[in-house]
S.K.: 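Below is one structure. I have some questions about it.
Below, chains carry the letters A, B, ... as their sequence lines are ordered, and counting in each starts from 1. Model, not experiment: these values are computed from the prediction.
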Protein chains: 2
Amino acid sequence: MSKPGQQVISRLRQMILSGELESGQRLVEIPTAEQLNVSRTPVRIAFRTLEQEGLLTKLSGRGYIVRQVTQAEISGSIEVRGVLEGLAARQAAENKLSKSQTNELLRLLKQGDELFVKGSINEQDLAIYHDMNQRFHQIIIEASLNPAISEALSRNEHLPFASVSALAFDRNNLAQEYRRFNFAHMQHHAVFDAITHGQGSRAEAIMREHANATLGYAKIFSQMEDNGEKMHILKNIDSII
Amino acid sequence: MSKPGQQVISRLRQMILSGELESGQRLVEIPTAEQLNVSRTPVRIAFRTLEQEGLLTKLSGRGYIVRQVTQAEISGSIEVRGVLEGLAARQAAENKLSKSQTNELLRLLKQGDELFVKGSINEQDLAIYHDMNQRFHQIIIEASLNPAISEALSRNEHLPFASVSALAFDRNNLAQEYRRFNFAHMQHHAVFDAITHGQGSRAEAIMREHANATLGYAKIFSQMEDNGEKMHILKNIDSII
DNA sequence: TTTTTATTCATTGGATCCAATATAAATAAA
DNA sequence: TTTATTTATATTGGATCCAATGAATAAAAA
């Protein structure tokens, strides 16, 4: 069993990421502690940790609120992810992949092929592809052998993925979603090809392009961008890309 | 007066960055609290904060140690900084600089010109240039209007700068140091030029090149690279670039 | 009515005690 | 002698009390 202190942190984190706690909702130590049946101490530490992770915002003297982000912040965060994952792809190409990394990436690509070969996509496929996508990116970051990349990403690890998903995934237009995600999958193929051929610059360019493709989706709800409305960090983490 | 809790954090941070605490030195809550004349509570919070900043490493059950980094980690960190500052330069060019930002950058460049016009450099000049350099980069990051960049950098903000300095600055070869820093200054001019002409890609490329120039310096002490010796995060923050 | 100044109240920050845990040491068994 | 097991010790984690702070409110002055 893991430590209770860590449990408070991950429990609160999950409550934020799942949308159980609304964006902008106020969090105060004592009520939160009572709700979680712990004392203030672990809650205090959790609040500070989550603030550093960028999930909470401190209101001096009046507790914390679940972080609100603007459309501009989401876009900025996506661009940051783009350059960092681009660097990861470059360095993965320079280092060469390990045997097991190559095999797992090949397996993921093949799985994706099978998913897209039918010419349509449903929500269940999407859930599967979501996990595969996460793993694909994770392997490349690991293959960079550069821990500073994941350290830099850790600050707003969830932000780009999830918020985009909440914005961009249109359950009423699965045909269009199919084309989007199929294209993303083709980019995965291209990234893998570049990496295995040791083409660092090409791998970087494709990966960056791939990440930035999300930018367009993030701007779909243009009224949000126009009026600067703030929104939840990331409900419904079912994003792709 | 700022809060005492923050004081403990910044005091410890400064002790680490200044080298007062050796790399690998063990830190335990109670002795540290006694030394700083506070209770364990603020020290506990400070340790966790500094761990997340990447300055301390946790030894489960036996306190913390001042983080040790390898040559490879420093190089990786420099590359991360490179892509992030490159992105900042690109976005600064796309957004255009504010009047005051333009003026301050121009002033910094002119100051630098005066420093380098004499054809030689001493340690005092270097201290001055260090501050100017920090400010130059800071303005460009601000001008990107992308808070995710500084968030991503915050994790290992100090790492590349300082560790490079400890490695690379050769007080016995000031002529060579002059050429290096003069070249870096010329790159500042080029970055500024690209930004003010709205040339985002060019600004990004130069900035990345500029940051990566540090890589070579970081490898000067090649024996460290060979045997993977671990070293202090960053004594003597007097780095340039 | 507006502005300033007290006052109250909500909330966090610090200190200290006790409990839980993990490492190190010592002992016993193989 | 080596390995396993127990014991002791060092160290962190959690709970709770009290102090300090800052925001909201009420009162007083302009």
Side-chain angles (χ1 to χ4, degrees), chain A residues 1-16 20-68 151 154-155 230 233, chain B residues 1-16 20-68 151 154-155 230 233:
Chain A
M1 52 213 121
S2 64
K3 294 175 194 168
Q6 293 300 318
Q7 277 179 10
V8 171
I9 296 177
S10 45
R11 177 121 181 251
L12 282 172
R13 187 190 289 118
Q14 197 241 326
M15 288 170 78
I16 296 168
E20 188 178 338
L21 296 174
E22 295 278 326
S23 157
Q25 176 166 343
R26 219 172 126 213
L27 287 176
V28 174
E29 282 182 13
I30 295 175
T32 306
E34 284 169 358
Q35 201 186 330
L36 302 179
N37 272 310
V38 291
S39 79
R40 277 182 52 212
T41 310
V43 174
R44 266 166 72 180
I45 289 172
F47 281 2
R48 284 171 170 273
T49 304
L50 295 172
E51 186 197 4
Q52 283 184 315
E53 285 181 17
L55 295 177
L56 293 181
T57 304
K58 187 170 189 175
L59 309 174
S60 108
R62 287 181 304 126
Y64 292 78
I65 58 171
V66 177
R67 182 178 177 181
Q68 299 176 306
E151 282 185 17
S154 72
R155 180 64 212 271
K230 295 189 170 182
I233 309 179
Chain B
M1 56 212 113
S2 65
K3 294 176 193 165
Q6 293 299 319
Q7 278 179 10
V8 171
I9 296 176
S10 46
R11 177 117 179 255
L12 281 172
R13 188 190 287 118
Q14 197 241 328
M15 286 169 78
I16 296 167
E20 188 177 338
L21 296 173
E22 295 279 326
S23 158
Q25 175 166 342
R26 216 172 129 214
L27 287 177
V28 174
E29 282 182 12
I30 295 175
T32 308
E34 283 170 357
Q35 201 186 330
L36 300 179
N37 271 310
V38 290
S39 80
R40 276 181 53 212
T41 309
V43 174
R44 264 166 73 181
I45 290 173
F47 281 1
R48 284 170 171 271
T49 303
L50 295 172
E51 186 197 5
Q52 282 183 312
E53 285 182 18
L55 294 178
L56 293 182
T57 304
K58 186 170 187 174
L59 310 174
S60 110
R62 287 181 305 124
Y64 292 77
I65 58 169
V66 177
R67 181 176 178 185
Q68 299 175 308
E151 282 185 17
S154 73
R155 180 66 211 272
K230 296 189 170 183
I233 309 179

S.K.: Indicate whether OP1 or OP2 belonging to D:dA15 is found under 4.0 Å from a side-chain N or O atom of A:Ser39.
M.R.: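 True: A:Ser39 side-chain N/O within range (under 4.0 Å) of D:dA15 OP1/OP2.
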
S.K.: Give a yes/no on whether any side-chain N or O of A:Arg40 is located under 4.0 angstrom from OP1 or OP2 of C:dG13.
M.R.: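 No.
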
S.K.: Atom NZ of A:Lys58 and atom P of C:dT11: how far apart are they, to the nearest Å?
M.R.: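 In whole Å, C:dT11 P and A:Lys58 NZ are 14 Å from each other.
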
S.K.: Within this structure, what is the CD1-to-C1' distance between A:Ile30 and C:dT12, rounded to whole angstrom?
M.R.: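 Distance check: A:Ile30 CD1 to C:dT12 C1' gives 9 Å.
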
S.K.: How close do A:Tyr64 and A:Arg48 get, heavy atom to heavy atom, and via which atoms?
M.R.: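 The answer is OH-CG, 4.1 Å.
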
S.K.: Rounded to whole angstrom units, what separation is found between the CZ atom of A:Arg44 and the C1' atom of C:dT11?
M.R.: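 A:Arg44 atom CZ is separated from C:dT11 atom C1' by 11 Å.
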
S.K.: Rounding to a whole Å, what distance do you find between B:Arg62:CZ and D:dT12:C1'?
M.R.: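 Roughly 13 Å, once rounded to whole Å.
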
S.K.: With distance as the sole criterion, do the side chain of A:Arg48 and the base of C:dG13 form a donor-acceptor contact below 3.5 Å?
M.R.: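 Looking at the base of C:dG13, it does not pair with any donor or acceptor on the side chain of A:Arg48 (distance under 3.5 Å).
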
S.K.: Would you say that A:Arg67 contacts A:Leu50 through its side chain, given a criterion of any heavy-atom pair below 4.5 Å between the two side chains?
M.R.: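 Sidechains of A:Leu50 and A:Arg67: no contact.
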
S.K.: Using heavy-atom distances to pick each residue's nearest nucleotide on DNA chain D, tell me which of A:Gly61 and A:Thr41 is more 5'.
M.R.: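 On the 5' side of the pair lies A:Thr41.
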
S.K.: What is the distance from CD1 of B:Ile45 to P of C:dA15, rounded to the nearest Å?
M.R.: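 Spelled out: CD1 on B:Ile45 to P on C:dA15 is 11 Å.
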
S.K.: Flag the pair B:Met15 / B:Gln35 as yes when at least one side-chain heavy-atom distance between them is below 4.5 Å, and no otherwise.
M.R.: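 In contact.
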
S.K.: Could you tell me the separation between the CZ atom of B:Arg26 and the C1' atom of C:dA24, rounded to a whole number of Å?
M.R.: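 Rounding to the nearest Å, CZ of B:Arg26 and C1' of C:dA24 are 11 Å apart.
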
S.K.: Determine whether any donor atom in the side chain of B:Ser60 lies under 3.5 Å from an acceptor atom in the base of C:dA22, or the reverse, and answer yes or no.
M.R.: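 No, the side chain and the base share no sub-3.5 Å donor-acceptor pair.
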
S.K.: Rounded to whole angstrom units, what separation is found between the CG atom of A:Leu36 and the C1' atom of D:dA15?
M.R.: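 Computing the A:Leu36:CG to D:dA15:C1' distance gives 15 Å.
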
S.K.: For A:Leu55 versus A:Arg13, what's the shortest heavy-atom pair and its separation?
M.R.: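 Shortest heavy-atom separation between A:Leu55 and A:Arg13 comes out as CD1-CG, 3.6 Å.
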
S.K.: Specify the separation, in whole Å, of atom CD of B:Gln6 and atom P of D:dT21.
M.R.: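 Atom CD in B:Gln6 sits about 14 Å away from atom P in D:dT21.
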
